[in-house]
Asks: 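Let me give you the structure first, and then I'll get to my questions.
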Amino acid sequence: MTTRAGVPENTLMTFLDDWLALAIGNSRLHWGRFRGDRLESVLDTPHLTVPLSLDNLPEIVPDLLTKNASRVLPLRIASVVPRQTELCAGYPGARVITLAEIPLEDLYPTLGIDRALAVLGAGERYGFPCLVIDAGTALTFTGVDAGRRLMGGAILPGLGLQFRSLGERTANLPYLELPGELPPLWARNTREAIESGIIHTLRAGMERFIEDWWKRYPDSSIVLSGGDADRLERYWRAGEGRAIGKLRLDRTLIFQGILSVSVPFFKRDPIPPIQI
Ligand SMILES: Nc1ncnc2c1ncn2[C@@H]1O[C@H](COP(=O)(O)OP(=O)(O)OP(=O)(O)O)[C@@H](O)[C@H]1O
Ligand SMILES: CC(C)(CO)[C@@H](O)C(=O)NCCC(=O)O
Ligand SMILES: [K+]
């Protein structure tokens with residue numbers, strides 16, 4: 001158990017207190033600073049190379065901390081990278097969120113905590129049922145129904161990883177960055193052929209999942225998140241003008257999820273009951 005807290009949590013976090021949320025992904029760290037239930041700023045940093053401590057936190061996230069923040073800031077951690085979790089465990093205010101704390105039904109034991117928190121956050125903000133498409137290192141689909149039950153999902157290599165793997169594992173193909181715009185479907189040069197293959201195939205896959213989801217849950221919100229969400233949304237929108245209206249872009253879902261599981265620690269109005 002990596003969870004640690006210097007002071008009992010329920011006395012530590014009050015409505016107006018500052019606290020930090022840390023989502024540890026496979027590419028990098030995503031930090032959020034909250035004041036009570038308000039997310040005030042976010043910051044992405046590289047993975048830790050040394051154990052997190054009271055001394056080095058201000059150097060790692062200088063822009064998130066106020067100058068006179070001398071006390072131990074509570075740090076709620078959602079990690080899918082065990083080695084990085086270990087590096088945080090010595091920080092006195094650290095507490096690691098586990099699947100057992102997520103108020104969703106039918107979660108399977110190896111489900112990523114980032115997926116659980118993102119879809120919880122999406123449901124709390126936009127309503128259940130909802131589908132989250134998280135375009136990070138891995139790209140995931142995670143769907144929850146109106147009864148807050150995990151319906152299911154899927155995992156595939158993220159956009160960056162798809163480009164990198166072609167560049168690294170072939171002799172003739174270059175390593176390319178994600179293009180800013182949707183490439184033509186039928187390419188006549190190598191660069192556009194790679195871009196087309198990866199992006200149009202992903203779009204087609206997204207259509208498959210989204211159409212099936214909307215068939216089952218016609219009024220559901222679908223939310224795009226993760227490091228590549230902005231570009232993915234642009235590619236999606238540039239396509240054949242499908243019903244884009246209900247595809248939302250929200251890169252703070254996981255922070256909303258972390259806030260939701262931290263709610264018992266705040267003097268905060270309860271979240272309204274859900275309709276089933
Ligand atoms: N500065 C950056 N560093 C790394 N990735 C970046 C950066 N800016 C944008 N990206 C994009 O973000 C994607 C990774 O997404 P994200 O940062 O959400 O991943 P992650 O949270 O670390 O991974 P995961 O949640 O899948 O474990 C990469 O494919 C890359 O294209
Ligand atoms: C799929 C990733 C890598 C996405 O960050 C993460 O959620 C994870 O490690 N998941 C574990 C496997 C699963 O979710 O079924
Ligand atoms: K692995």
Side-chain angles (χ1 to χ4, degrees), residues 22-31 42-50 60-61 78-87 110-115 117-119 131-142 153-211 222-240 242 244 247-254:
L22 170 59
I24 302 180
N26 279 290
S27 299
R28 49 186 175 152
L29 309 183
H30 311 281
W31 301 82
V42 296
L43 179 68
D44 296 329
T45 69
H47 277 165
L48 298 170
T49 52
V50 296
I60 294 169
V61 290
S79 177
V80 294
V81 186
R83 176 73 191 121
Q84 289 289 305
T85 321
E86 284 166 24
L87 289 174
T110 60
L111 179 77
I113 191 77
D114 56 341
R115 300 177 61 194
L117 284 165
V119 79
L131 173 66
V132 169
I133 303 175
D134 191 343
T137 312
L139 194 147
T140 58
F141 296 85
T142 311
I155 303 172
L156 63 146
L159 278 168
L161 198 51
Q162 292 189 43
F163 279 97
R164 200 169 325 126
S165 61
L166 270 189
E168 282 174 3
R169 303 302 296 268
T170 59
N172 284 338
L173 301 186
Y175 171 65
L176 302 173
E177 302 290 325
L178 270 63
E181 304 301 330
L182 184 71
L185 185 63
W186 298 103
R188 291 171 56 80
N189 63 66
T190 301
R191 180 177 57 81
E192 286 187 342
I194 294 170
E195 292 172 353
S196 170
I198 291 174
I199 292 165
H200 285 288
T201 303
L202 176 59
R203 280 187 90 260
M206 283 172 62
E207 272 173 29
R208 170 84 175 94
F209 282 93
I210 288 171
E211 278 171 12
I222 298 184
V223 193
L224 283 176
S225 191
D228 292 326
D230 304 58
R231 253 172 300 198
L232 195 56
E233 199 226 13
R234 201 160 341 129
Y235 303 150
W236 180 259
R237 214 201 285 270
E240 292 99 60
R242 292 175 190 266
I244 190 76
L247 270 201
R248 298 171 189 275
L249 182 64
D250 186 338
R251 295 194 41 195
T252 66
L253 289 184
I254 192 158

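Numbering of residues begins at 1 and proceeds along the displayed sequence. Just so it is clear, the model here is predicted, and its values are computed rather than measured.
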Asks: Strictly distance-based, threshold 3.5 Å: is any side-chain N or O of Ser196 a donor or acceptor partner for the main-chain N or O of Pro183?
Replies: no
Asks: Check Leu249 against Asp230 and note the closest heavy-atom contact, atom names and distance.
Replies: CD1-N, 4.0 Å
Asks: How long is the straight-line distance from CD of Glu168 back to CG of Leu161, given to the nearest 0.5 Å?
Replies: 8.5 Å
Asks: As a quick check of understanding, evaluate side-chain contact (heavy atoms from CB on, under 4.5 Å) for Leu173 and Ile194, giving each step before the final call.
Replies: CA-CA 8 Å; Leu173 301 186; Ile194 294 170; 4.1 Å; yes
Asks: Do the side chains of Ile133 and Val223 get nearer than 4.5 Å, heavy atoms only?
Replies: no
Asks: At what distance, to the nearest 0.5 angstrom, does CG of Leu111 lie from CG of Leu117?
Replies: 9.5 Å
Asks: Check for a donor-acceptor pair, side chain of His30 on one end and backbone N or O of Thr252 on the other, with a separation under 3.5 Å.
Replies: no
Asks: Any donor-acceptor pair under 3.5 Å linking the side chain of Arg115 with the backbone of Phe141?
Replies: yes
Asks: What closest approach, in Å, do Ser79 and Ile24 show between heavy atoms, and which atom pair accounts for it?
Replies: OG-CB, 3.5 Å
Asks: If you measure only the distance, is there a donor-acceptor pair under 3.5 Å linking the side chains of Thr170 and Asn172?
Replies: no
Asks: Looking at every heavy atom in both Val132 and Val119, which two are closest together, and how far apart are they?
Replies: CG2-CA, 3.7 Å
Asks: Can you check whether Leu29 reaches Asp44 side chain to side chain, under 4.5 Å on heavy atoms?
Replies: no
Asks: When you measure from the side chain of Gln84 to the backbone N and O of His47, does any donor-acceptor pair fall under 3.5 Å?
Replies: no
Asks: Closer than 3.5 angstrom, by distance alone: can the side chain of Gln162 be matched with the main-chain N or O of Pro157 as a donor-acceptor pair?
Replies: yes
Asks: Okay, side chain of Arg231, backbone of Pro179: is any donor-acceptor separation there less than 3.5 Å?
Replies: no
Asks: Between Ala78 and Ile254, which heavy-atom pair has the shortest distance, and what is it?
Replies: CB-CD1, 4.4 Å
Asks: Does some side-chain heavy atom of Leu224 sit less than 4.5 Å from a side-chain heavy atom of Arg251?
Replies: no
Asks: Is the number of heavy atoms from other residues, nucleotides or ligands under 6.0 Å of Arg208 CZ greater than 12?
Replies: no
Asks: Let's go through Tyr235 and Met206 carefully: what are the C-alpha distance in whole Å and the side-chain angles of both, what is the deciding distance for side-chain contact (heavy atoms from CB on, under 4.5 Å) to 0.1 Å, and is it a yes or a no?
Replies: CA-CA 11 Å; Tyr235 303 150; Met206 283 172 62; over 6 Å; no
Asks: Any salt bridge linking Arg188 with Glu192? Criterion: basic side-chain nitrogen under 4.0 Å from a carboxylate oxygen.
Replies: no
Asks: To the nearest 0.5 Å, how far apart are CD in Glu177 and CD in Glu195?
Replies: 10.5 Å
Asks: Report yes if the side chains of Leu182 and Arg203 come closer than 4.5 Å at any heavy-atom pair, otherwise no.
Replies: yes
Asks: Might you point out which heavy atoms bring Gly160 and Asp228 nearest each other, and give the distance in Å?
Replies: N-OD2, 3.9 Å
Asks: Once you round to the nearest 0.5 Å, how far does CG of Leu156 lie from CG of Leu202?
Replies: 6.5 Å
Asks: With a 4.5 Å cut-off on side-chain heavy atoms, are Ile210 and Trp236 touching?
Replies: yes
Asks: For the residue pair Asp134 and Thr142, establish whether any side-chain heavy-atom pair is separated by less than 4.5 Å.
Replies: no
Asks: So which atom in Thr45 and which in Ile60 form the shortest heavy-atom distance, rounded to 0.1 Å?
Replies: CG2-O, 3.7 Å
Asks: Under 4.5 Å between any side-chain heavy atoms of Phe163 and Ile199, yes or no?
Replies: yes
Asks: Between Ser225 (side chain only) and Asp250 (backbone N and O only), is there a donor and an acceptor less than 3.5 Å apart?
Replies: yes
